Amino acid sequence: MFALVDVNSMYCACESVFRPDLKGKPIICLSNNDGCVIARSASVKPYIKMGAPYFEIQHIIKEKQVTVFSSNYPLYADFSNRFMAVVANLVPQIEVYSIDECFADITGMDALSSWSELGHQLKNDVLQCAHLPVGVGISSTKTLAKLANHAAKTWKKTGGVVDLSSPSRQKKLMAILPVSDVWGIGRKLAKRLNQSGIETALDLSRLPTSQARKLYSVVLERTVRELNGESCLQLEEIASAKQQIICSRSYGHKVMDYELVRQSVCAFAERAAVKLREEKQYCRMVTLWIESSYFTTQQPYHHGHETQALVYPSQDTRDIIQAAVSILERLWQPNMKYSKSGIMLSEFSPSGQIQLNLFESGPRFRHSGELMQTIDHINRNKGSIWFAGQGIQSQAMPWKMKQQFLSPRWTTKFTDIPLVRC
DNA sequence: TCTGGGGTCCTAGGACCC
DNA sequence: TCTGGGGTCCTAGGACCC
């Protein structure tokens with residue numbers, strides 16, 4: 001038995017915890033670079049679409065007096081950890097599925113209280129201890145639990161908890177939900193299914209598995225089985241090791257200067273290397289891309305990317321910066337207005353050791369591990385040092401992302417802790 | 001002027017091997 | 001002149017998720 005616990009409008013909820021004045025008021029949160037809308041409080045949903053570009057909706061924001069926030073990931077990550085801890089405290093096992101939702105294995109827990117009571121307990125505890133509102137969906141497979149959660153969020157009268165353990169209730173719900181609401185059915189697949197006369201989740205559940213596989217894919221076959229109560233997706237308690245690490249950002253302003261693009265590349269390479277060391281991995285491949293704006297009509301969209309192998313698997317920032325910059329030199333085109341760059345690390349191994357050959361003499365740097373450890377340690381303990389390649393922070397850095405509406409890091413930064421005056 | 005970022009999995013097709 | 005069949009591995013691209 002699975003429960004899916006999901007925070008309602010997670011980012012907006014986090015923003016209002018230390019701002020009681022915003023309770024019930026319209027709020028939106030923007031993507032990195034203040035690009036588009038990625039979270040909306042309930043009252044905003046009727047008039048601002050998910051993903052709407054910020055600059056297009058400024059008049060609505062003014063008219064409706066919507067409070068706007070830039071993404072504050074340190075804040076959201078901290079609240080996410082608190083939320084997961086509360087849920088983990090109540091159930092035998094959880095799988096952290098994303099920053100705002102987790103699956104819980106609740107098999108056998110109905111011996112103590114009904115599924116619905118358990119759902120309400122989860123909901124109340126999270127609200128009380130982590131100050132976040134959640135919806136809970138309960139059923140025999142992950143896909144059905146997702147569907148139950150969807151229902152809990154959609155219909156107020158459910159009280160935010162839906163027990164979808166009985167097959168007859170499953171059928172009733174599936175009959176009224178469009179197939180596009182099913183987990184794993186995206187835009188393209190929904191369109192194809194609709195064209196074959198499959199409109200509702202119930203229609204999909206009645207597609208013979210052999211046909212689902214033959215006409216579509218093994219993934220869809222699994223979804224059909226899950227909708228019929230056959231559990232195909234297990235709880236993955238331990239997050240599997242990452243296979244790639246990506247660090248990429250749109251620039252705050254367009255950049256035509258090689259030196260500035262190089263700075264951004266160095267900064268992203270450095271950040272990616274930190275993530276790599278956090279994963280305790282070494283990478284063999286470095287991919288870099290730089291691109292112009294996809295939207296502008298002033299020049300054709302340009303996108304250059306290239307992958308380079310390191311001689312040795314490495315987690316040394318210097319190796320990764322060097323590979324990235326050497327790719328950049330080859331990709332660079334003058335007179336191009338660049339608006340985004342990114343780096344991807346892949347082909348991981350748990351250690352830097354490989355078989356040497358006759359012509360290689362060993363890793364480039366001595367004491368690499370110790371140096372990286374020291375740098376990471378200093379940066380973790382509120383120090384801040386970085387490689388010179390990303391420039392001096394006091395200079396103008398047009399590639400740095402815009403964060404016009406950033407809230408304080410209420411819970412993770414010492415100087416941002418709220419003051420209470422008595 | 002201004003349009004996010006970070007992932008996974010699957011499939012088809014090509015290269016290559018015997 | 002006639003030109004097989006089975007397998008693996010890799011890559012690019014598509015689709016999906018949040």
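For clarity, every value in this text was computed on a predicted model and none was experimentally measured. Chain A is the first sequence line, chain B the second, and so forth, proteins listed ahead of strands; every chain is numbered from 1.
- Residues passing the salt bridge (Lys or Arg N to Asp or Glu O under 4.0 Å) test with A/E199, sequence neighbours excluded: none.
- By the salt bridge (Lys or Arg N to Asp or Glu O under 4.0 Å) test, A/K142 is found to be paired with A/E95, residues two or more places apart in sequence or in another chain being considered.
- A/Y216 and A/T223 share no side-chain donor-acceptor pair at under 3.5 Å.
- Going from the P atom of B/dC17 to that of C/dT3 covers 23 Å, rounded to whole Å.
- Listed for the A/D105 side chain is no donor-acceptor partner under 3.5 Å among the backbone atoms of A/I94.
- Shown for residues 185-195 of chain A: residues whose heavy atoms fall under 4.0 angstrom of DNA chain C, namely A/I185, A/G186, A/R187, A/K188, A/L189.
- The aromatic ring centres of A/Y301 and A/Y294 sit less than 6.0 Å apart.
- In terms of position along DNA chain B, the nucleotide closest to A/S339 lies nearer the 5' end than the nucleotide closest to the other residue of the pair A/S248 and A/S339.
- Take A/D100 and apply the salt bridge (Lys or Arg N to Asp or Glu O under 4.0 Å) test, not counting sequence neighbours, and it matches no residue.
- Residues from residues 94-102 of chain A that place a heavy atom under 4.0 Å from any atom of DNA chain C, listed by number: A/Y97, A/S98, A/D100, A/E101.
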Problem set entry | Strand DNA chain B as a dot-bracket string - pairs counted if Watson-Crick or G-U with both distances under 3.5 Å, | where the partner lies in another strand | ....||||||||||||||
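- Within 4.0 Å of A/N33, counting heavy atoms only, lies no atom of the nucleic acid at all.
- In this structure, the side chains of A/L30 and A/I38 stay at 4.5 Å or more apart for every pair of heavy atoms.
- Within residues 225-244 of chain A, the residues approached by DNA chain B to less than 4.0 Å at the level of any non-hydrogen atom are A/K242, A/Q243, A/Q244, in residue-number order.
- Scanning for side-chain contact (heavy atoms from CB on, under 4.5 Å) contacts around A/S180 gives A/P178, A/A190, with sequence neighbours left out.
- When each of A/G252 and A/S217 is assigned the nucleotide of DNA chain B with its nearest heavy atom, A/G252 is the one assigned upstream, toward the 5' end.
- Within residues 45-59 of chain A, the residues approaching DNA chain B are A/P53, A/F55, by heavy-atom distance under 4.0 Å.
- Between A/L164 and A/I138 the shortest side-chain heavy-atom distance does not fall below 4.5 Å.
- Take A/A323 and apply the side-chain contact (heavy atoms from CB on, under 4.5 Å) test, not counting sequence neighbours, and it matches A/V286, A/Q308, A/L310.
- In terms of modelled atom types and a separation under 3.5 Å, the side chain of A/N89 and the main chain of A/A85 share no donor-acceptor contact.
- For the 3.5 Å distance criterion, the side chains of A/E226 and A/T143 qualify, holding a donor opposite an acceptor.
- No hydrogens or angles considered: a donor-acceptor pair under 3.5 Å links the side chains of A/D34 and A/S70.
- Side chains of A/S71 and A/N32: no donor on one and acceptor on the other come within 3.5 Å.
- Residues A/Y251 and A/V261 have side chains in contact (heavy-atom distance under 4.5 Å, counting atoms from C-beta outward).
- Annotation: ring-ring contact (aromatic ring centres under 6.0 Å, His included) contacts involving residues 3-37 of chain A, sequence neighbours excluded, comprise A/Y11-A/Y73, A/Y11-A/Y76, A/F18-A/W410.
- Note that the first and last nucleotides of DNA chain C, 5' to 3', having any atom under 4.0 angstrom from a heavy atom of chain A are C/dA15 to C/dC18.
- A/Q390 and A/E270 are linked by a side-chain donor-acceptor pair at a separation below 3.5 angstrom, with hydrogens and angles left out of the test.
- For the residue pair A/N72 / A/S407, a side-chain donor-acceptor distance below 3.5 Å is found, with atom types taken as modelled.
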